[in-house]
Amino acid sequence: MTESTCYRVCHICEAACGLELVIDEGEVVSVKGDPKDPLSEGHICPKAVAIKDIHEDPDRLRKPIKKVDGQWQETSWSDAFDLVAEKLVAIGQQFGNNSVAGYFGNPSVHNWGMVTHAPNLFKLLKTKSRFSATSVDQLPHQLICYWMYGHQVLVPVPDIDRTQFMIILGGNPLASNGSLWTVPGVRHRIKALQQRGGELVVVDPRRSETAEIADQHLFIQPGTDAWLLLAMINVLKEEGLINTGRLGPNLAGVDQALEAISEFTPAKAAQHTGISEDNIRDLTRRFAKAETAVVYGRMGISVQEYGAICQWAVQLLNILTGRLDEVGGSMVSLPAVDMVKGPNNKPGHFAAWKTRVRGLPEFGGELPSVALAEEITTPGEGQIKALVTAAGNPVLSTPNGQNLDEALAKLDFMVSIDFYLNETTQHADVILPPTSPLEHDHYDIALMPFAIRNVAKYSPAIFDKPEDTYHDWEIFVELGNRVAKLLGRDPMPAFDPTQILDMGLQSGPYGAMQGHEAALNFAKVKENPHGVDFGPHEPRLPERLGHGDQMIQCAPEPLLSDLARLSSTEVQEQGLKLIGRRHVRSNNSWMHNYQRLVKGKPRHQLMIHPEDASALSLIDGGRARIVSRVGAVETEVHITDEVMPGVVSLPHGWGHQRNGVKMAIAQETPGVSANDLTDECFIDALSGNAALNGVPVNVEAIDV
Ligand SMILES: Nc1nc2c(c(=O)[nH]1)N[C@H]1C(S)=C(S)[C@@H](COP(=O)(O)OP(=O)(O)OC[C@H]3O[C@@H](n4cnc5c(=O)[nH]c(N)nc54)[C@H](O)[C@@H]3O)O[C@H]1N2
Ligand SMILES: Nc1nc2c(c(=O)[nH]1)N[C@H]1C(S)=C(S)[C@@H](COP(=O)(O)OP(=O)(O)OC[C@H]3O[C@@H](n4cnc5c(=O)[nH]c(N)nc54)[C@H](O)[C@@H]3O)O[C@H]1N2
Ligand code: SF4
Ligand SMILES: [Mo]
């Protein structure tokens with residue numbers, strides 16, 4: 001018997017499920033949920049099994065490749081590192097530091113070595129041209145927490161296991177498994193909520209998988225949630241339902257906020273949202289009167305034109321009903337590695353600098369990704385000439401991907417740290433492929449702040465890394481050291497991620513340095529393969545607030561000013577609006593190469609309501625052309641009342657056949673890229689975040 005059992009956290013999505021892997025003769029023979037994991041208690045989804053497929057995929061790159069006369073060639077690591085460092089330094093010296101840019105994709109936060117080591121390279125390069133998936137996702141959410149609570153990762157999460165009433169807007173955790181909310185096994189938790197007599201309400205333009213099992217689903221016109229949420233606050237005020245509770249003395253600006261939003265009445269909100277005034281009032285009363293309750297708004301309300309106002313209003317609703325920081329409400333975590341109070345904590349900053357072309361604000365040192373293409377193509381000082389992408393595929397993931405696709409082709413130099421040749425990395429001059437996830441260790445530094453329980457879990461590597469390969473963090477160290485040498489600067493710090501983790505755990509809230517009885521350190525997490533459990537959340541405010549005066553800022557000035565933009569919007573009467581959708585068997589723009597994951601009925605189609613389909617003479621299974629300001633795509637139609645009239649839905653991350661270039665990932669998958677329709681100019685003007693939902697489109701039937 002050579003079989004062995006290993007325990008690990010799944011790094012694919014934010015749920016952080018515990019896995020039990022059986023290994024035989026160097027091969028993964030089974031992947032199951034780990035029932036002893038204190039957070040996930042055995043839950044997993046089909047993507048966990050794909051970890052084996054990632055590891056074994058013959059299309060996964062294992063050696064660096066470089067383009068010579070337009071053809072890919074394998075090259076040695078040392079040549080590749082030298083070439084990349086020389087190019088980045090030379091371009092920075094010739095065109096200025098900001099001419100060298102970086103884009104970090106979603107898996108970079110699921111890869112702890114990148115979290116600990118990637119920033120150093122950009123610090124050395126002294127570039128302000130940094131972009132990431134944050135600005136096509138949760139930027140407004142974190143910005144609001146920075147303004148209100150004083151720290152960009154002090155993000156309250158729904159205490160689902162102890163609440164009696166929950167409202168979800170713009171989130172579909174049954175498909176996504178939760179986001180800015182590490183909540184493995186959410187289906188069971190919703191069921192438990194319902195079994196103890198609680199209620200779930202989902203507000204969504206589509207009857208999503210989560211809406212399907214909710215106690216109430218309210219359709220909403222895309223992009224109008226800000227009207228609904230502000231109207232709910234006005235109902236609280238009008239009907240005397242405001243009760244700020246324990247944190248009352250720590251609230252600044254409540255009256256100012258209430259005054260500023262008074263024009264957003266339920267009557268007007270009903271016109272904009274399509275939700276009747278009665279329903280708005282009724283929902284507000286049920287929320288305010290429930291024994292415990294919480295409102296949660298995610299992706300769907302962040303990536304829309306008023307994303308920041310939406311996230312502000314969500315926080316206000318929880319605050320004004322005394323739900324913030326109370327059991328069964330919206331609670332803050334106390335993770336073992338504390339990014340809020342730790343020694344190197346970064347509270348955030350906003351608009352300290354702006355993009356060169358459009359003047360869009362940075363947040364936390366990153367510029368909005370909607371500006372990447374124009375920063376590459378617009379001549380002048382600071383024009384981006386070189387790009388480093390890491391764990392990202394912005395050609396498929398960011399608005400007007402076609403435009404970015406063309407822009408990337410114009411760069412002087414591009415390097416991608418990625419193990420696939422795909423729609424984005426095909427533009428690189430060099431691709432540096434890191435080890436597979438099972439060949440490196442893992443700790444969810446970036447996700448634990450958003451978990452529903454405080455758990456510390458370390459996952460050792462399952463397999464030794466093959467000879468002559470590098471982990472992501474080692475790639476950054478190798479590049480950093482070469483860049484430093486060329487620039488005559490100090491080399492990269494000589495720590496590995498486990499040393500940083502050890503320091504973080506020791507100085508964190510359960511560490512010996514804080515005098516905690518657990519005296520947590522790296523050795524202790526290593527001894528506990530299922531994780532060390534520090535239990536459900538407890539009230540932590542005002543002590544944990546980032547603001548020195550321990551006040552919660554309820555009326556941040558930029559939001560008050562932004563209300564005029566919202567109030568001037570007109571009620572939508574005609575035209576179709578595009579929204580996105582996720583599926584549990586797909587993950588953003590990748591994982592489509594794993595046939596047993598993506599198999600099943602087709603899910604790439606354009607969803608459209610029967611009334612709209614009939615008005616446009618579309619037939620189910622027929623083809624349609626979808627046109628937006630920036631582009632057009634053609635795909636199959638699925639007629640369904642899952643979406644409300646006036647709304648069409650396409651998943652993102654598909655469209656792997658573009659440009660006729662042979663790429664590793666899933667040549668044969670059908671589907672187009674939704675981001676060939678989304679618009680880099682359609683944004684939340686306050687935060688600079690992309691508005692991927694509510695994009696105006698026209699649809700026409702294609703005769704076949
Ligand atoms: N229309 C529309 N667009 C969207 C969204 C939407 O809902 N609608 N969602 C947005 C959101 S929320 C996000 S986060 C973005 C995601 O978009 P991106 O940030 O582009 O991320 P992915 O599509 O996940 O790209 C993953 C890339 O990382 C590589 N990769 C995977 N693991 C590793 C690793 O360990 N190391 C390295 N070096 N590379 C790795 C994969 O091969 C792949 O190339 O898309 C956004 N785009
Ligand atoms: N299986 C799987 N899991 C994933 C991912 C994946 O691609 N696949 N991606 C991961 C990533 S990067 C993220 S950020 C998370 C996202 O996780 P979630 O935030 O849960 O995102 P979605 O599942 O896209 O759900 C968004 C919902 O918003 C709705 N919506 C769209 N427009 C509006 C609107 O204007 N108003 C309202 N109220 N609702 C609207 C959509 O119909 C959809 O049901 O998921 C993560 N988990
Ligand atoms: S829900 Fe997320 S973390 Fe859990 S097994 Fe699936 S992909 Fe992995
Ligand atoms: Mo995301």
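Numbering starts at 1 and runs along the sequence shown. Both counts, for ligands and for their atoms, begin at 1 and track the order of listing. The basis for the numbers below is simple: all heavy atoms, side chains too, and nothing from hydrogens, waters or symmetry mates.
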Q: Tell me: protein heavy atom nearest atom 6 (C) of ligand 2, and distance?
A: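 Looking at atom 6 (C) of ligand 2, the protein heavy atom closest to it is N587 OD1, 3.3 Å.
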
Q: Is any N or O atom of H440, backbone or side chain, closer than 3.5 Å to an N or O atom of ligand 1?
A: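 Checking ligand 1 against H440, no N or O pair falls under 3.5 Å apart.
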
Q: Show the atoms of ligand 2 that are less than 4.0 angstrom away from any heavy atom in A175.
A: 1 (N), 2 (C), 3 (N)

Q: Under 4.0 Å from a heavy atom of V584: give me the atoms of ligand 2 that qualify, with their elements.
A: 1 (N)

Q: Are any of the N or O atoms of N422 closer than 3.5 Å to those of ligand 1?
A: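 In this structure, N422 places an N or O atom under 3.5 Å from an N or O of ligand 1.
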
Q: Taking the six-membered ring where the residue is Trp, are the ring centres of F476 and Y470 under 6.0 Å apart?
A: no

Q: If the cut-off is 4.0 Å to any non-hydrogen atom of N588, which atoms of ligand 1 fall inside it?
A: 16 (C), 22 (P), 23 (O), 24 (O)

Q: Identify, for atom 2 (C) of ligand 1, the protein heavy atom at the shortest distance, and state residue, atom and that distance.
A: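 The closest one turns out to be H652 CB, 3.3 Å.
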
Q: Tell me which one of C310, S586, P205 gets a heavy atom nearest to atom 30 (N) of ligand 2.
A: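 Going through C310, S586, P205 one by one, P205 has the nearest heavy atom to atom 30 (N) of ligand 2.
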
Q: Answer yes or no: does an N/O atom from D225 fall short of 3.5 Å to an N/O atom of ligand 2?
A: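 In this structure, D225 places an N or O atom under 3.5 Å from an N or O of ligand 2.
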
Q: In ligand 1, which numbered atoms sit nearer than 4.0 Å to a non-hydrogen atom of N675?
A: 1 (N), 2 (C), 3 (N), 4 (C), 47 (N)

Q: Nearest heavy atom to atom 29 (C) of ligand 2: which of V647, D204, L597 does it belong to?
A: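 Of the listed residues, D204 has the closest heavy atom.
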
Q: Distance to 0.1 Å, residue and atom name: give those for the protein heavy atom nearest to atom 17 (O) of ligand 1.
A: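 Checked against all protein heavy atoms, atom 17 (O) of ligand 1 sits closest to S397 OG, 2.9 Å.
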
Q: Would you mind running through ligand 2 and noting each atom that sits below 4.0 Å from a heavy atom of S179?
A: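 So the atoms of ligand 2 that pass are 13 (C), 14 (S), 15 (C), 16 (C), 17 (O).
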
Q: For I579 and ligand 2, does the shortest N/O to N/O distance drop below 3.5 Å?
A: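 N/O-N/O distance under 3.5 Å: no.
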
Q: Ignoring hydrogens, what is the shortest heavy-atom contact between R206 and H217? Give both atom names and the distance.
A: O-NE2, 3.4 Å

Q: Relative to ligand 2, is T224 under 4.0 angstrom through side chain, backbone, both or neither, heavy atoms considered?
A: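 None of T224 does.
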
Q: Closer than 4.0 Å to some heavy atom of N393 - which atoms of ligand 1 meet that?
A: 18 (P), 20 (O), 25 (O)

Q: Which option, G105, S302, S589, owns the non-hydrogen atom nearest atom 25 (O) of ligand 1?
A: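 Nearest option to atom 25 (O) of ligand 1, by heavy atoms: S589.
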
Q: Looking only at heavy atoms, is any part of D472 under 4.0 Å from ligand 1, and if so is it the side chain, the backbone, or both, or is it neither?
A: side chain

Q: Which residue owns the protein heavy atom closest to atom 10 (C) of ligand 1, what's the atom, and how far is it?
A: V136 O, 3.4 Å

Q: Tell me which protein heavy atom sits closest to atom 46 (C) of ligand 2, plus the residue, atom name and distance to 0.1 Å.
A: S176 O, 3.8 Å

Q: Run the numbers for me: atoms of ligand 1, each under 4.0 Å from some heavy atom of P434, listed by number.
A: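 Ligand 1 atoms under the 4.0 Å threshold to P434: 36 (N), 37 (C), 38 (N).
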
Q: What I want to check is whether the side chains of H141 and S302 have a donor and an acceptor closer together than 3.5 Å.
A: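 No, because no side-chain N or O of H141 sits under 3.5 Å from a partner of the opposite role on S302.
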
Q: Strictly under 4.0 Å, does any heavy atom of H583 approach an atom of ligand 2?
A: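 H583 counts as a contact of ligand 2 under the 4.0 Å cut-off.
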
Q: Check each of M299, R60, M591 against atom 7 (O) of ligand 1 and report the one with the nearest heavy atom.
A: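 When every heavy atom of M299, R60, M591 is considered, M299 comes closest to atom 7 (O) of ligand 1.
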
Q: Using a strict 4.0 Å cut-off to heavy atoms of M114, name the atoms of ligand 1 that fall inside it.
A: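 Reading through ligand 1 atom by atom, the close ones are 36 (N), 37 (C), 38 (N).
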
Q: Under 3.5 Å, is there a donor-acceptor pair linking the side chains of N593 and Y420?
A: no

Q: Any idea which protein heavy atom is nearest atom 21 (O) of ligand 1, and the distance to it?
A: N106 N, 3.5 Å

Q: Are R596 and D53 packed together at the side-chain level, in the sense that at least one heavy-atom pair is separated by less than 4.5 angstrom?
A: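 Side chain of R596 against side chain of D53, heavy atoms only: contact under 4.5 Å found.
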
Q: How close does the nearest protein non-hydrogen atom get to atom 35 (O) of ligand 1, and which residue and atom is it?
A: N111 ND2, 3.1 Å

Q: Who's the nearest protein heavy-atom neighbour of atom 40 (C) of ligand 1, and how far?
A: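 Closest protein heavy atom to atom 40 (C) of ligand 1: A391 CB, 3.7 Å.
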
Q: Check whether any side-chain heavy atom of H427 sits under 4.5 Å from a side-chain heavy atom of L411, and report yes or no.
A: no

Q: Has F104 got any heavy atom lying under 4.0 angstrom from an atom of ligand 1?
A: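 Checking ligand 1 against F104, which is what was asked, there is no heavy-atom contact under 4.0 Å.
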
Q: Hey, which atoms in ligand 1 end up nearer than 4.0 Å to a heavy atom of I417?
A: 37 (C), 38 (N), 39 (N)

Q: Which heavy atom of the protein is the closest neighbour of atom 26 (C) of ligand 2, given with residue, atom name and distance?
A: G170 O, 3.4 Å

Q: Go through the steps for R207 and E642 under the test salt bridge (charged side-chain N to carboxylate O under 4.0 Å, His left out), then give the verdict.
A: CA-CA 5 Å; R207 192 171 59 252; E642 227 176 82; 5.6 Å; no

Q: Would you mind running through ligand 2 and noting each atom that sits below 4.0 Å from a heavy atom of N693?
A: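 Going through ligand 2 atom by atom, the ones under 4.0 Å from N693 are 31 (C), 32 (N).
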
Q: Find the distance between CG (L180) and CD (E14) and round it off to the nearest 0.5 Å.
A: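 If I round to the nearest 0.5 Å, the distance is 6.0 Å.
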
Q: For atom 33 (C) of ligand 1, find the nearest protein heavy atom and state the residue, atom name and distance (0.1 Å precision).
A: F419 CZ, 3.4 Å

Q: Which of the atoms of ligand 1 are close to D137, meaning less than 4.0 Å from one of its heavy atoms?
A: 12 (S), 14 (S)

Q: Could you check whether any heavy atom of Q138 sits closer than 4.0 Å to an atom of ligand 2, since that is the contact criterion I want to use?
A: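 No heavy atom of Q138 comes that close to ligand 2.
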
Q: If you look only at distance, which donor and acceptor atoms sit under 3.5 Å apart when one is on a side chain in residues 169-176 and the other is two or more places apart or in another chain?
A:
from : atom 1 : to   : atom 2 : distance (Å)
N172 : OD1    : T210 : N      : 3.2
N172 : OD1    : T210 : OG1    : 2.5
N172 : ND2    : E209 : OE1    : 2.8
S176 : OG     : N172 : O      : 3.3
S176 : OG     : G178 : N      : 3.1

Q: Are the aromatic rings of H592 and Y594 close, with centres under 6.0 Å apart?
A: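 Ring centres of Y594 and H592 not closer than 6.0 Å.
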
Q: Would T678 count as a polar contact of ligand 1, with the cut-off being nitrogen or oxygen pairs under 3.5 Å?
A: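 By distance alone, the answer is no.
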
Q: Any heavy-atom pair between the side chains of V477 and I475 that's under 4.5 Å?
A: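 Sidechains of V477 and I475: no contact.
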
Q: What is the distance from atom CZ of R298 to atom OG of S179, rounded to the nearest 0.5 Å?
A: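 Atom-to-atom, R298:CZ and S179:OG are 3.0 Å apart.
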
Q: What protein heavy atom is closest to atom 11 (C) of ligand 1, reported as residue, atom name and distance in Å?
A: R582 NH2, 3.6 Å

Q: Please list, in number order, the atoms of ligand 1 under 4.0 Å from a heavy atom of A133.
A: 14 (S), 19 (O)

Q: Report yes or no: do H656 and E423 form a side-chain donor-acceptor pair below 3.5 Å?
A: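 Looking only at side-chain atoms, E423 and H656 do form a donor-acceptor pair, the distance falling under 3.5 Å.
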
Q: With respect to V203, determine whether any N or O atom, backbone or side chain, lies less than 3.5 Å from an N or O atom of ligand 2.
A: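 Yes, V203 has an N/O under 3.5 Å of an N/O on ligand 2.
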
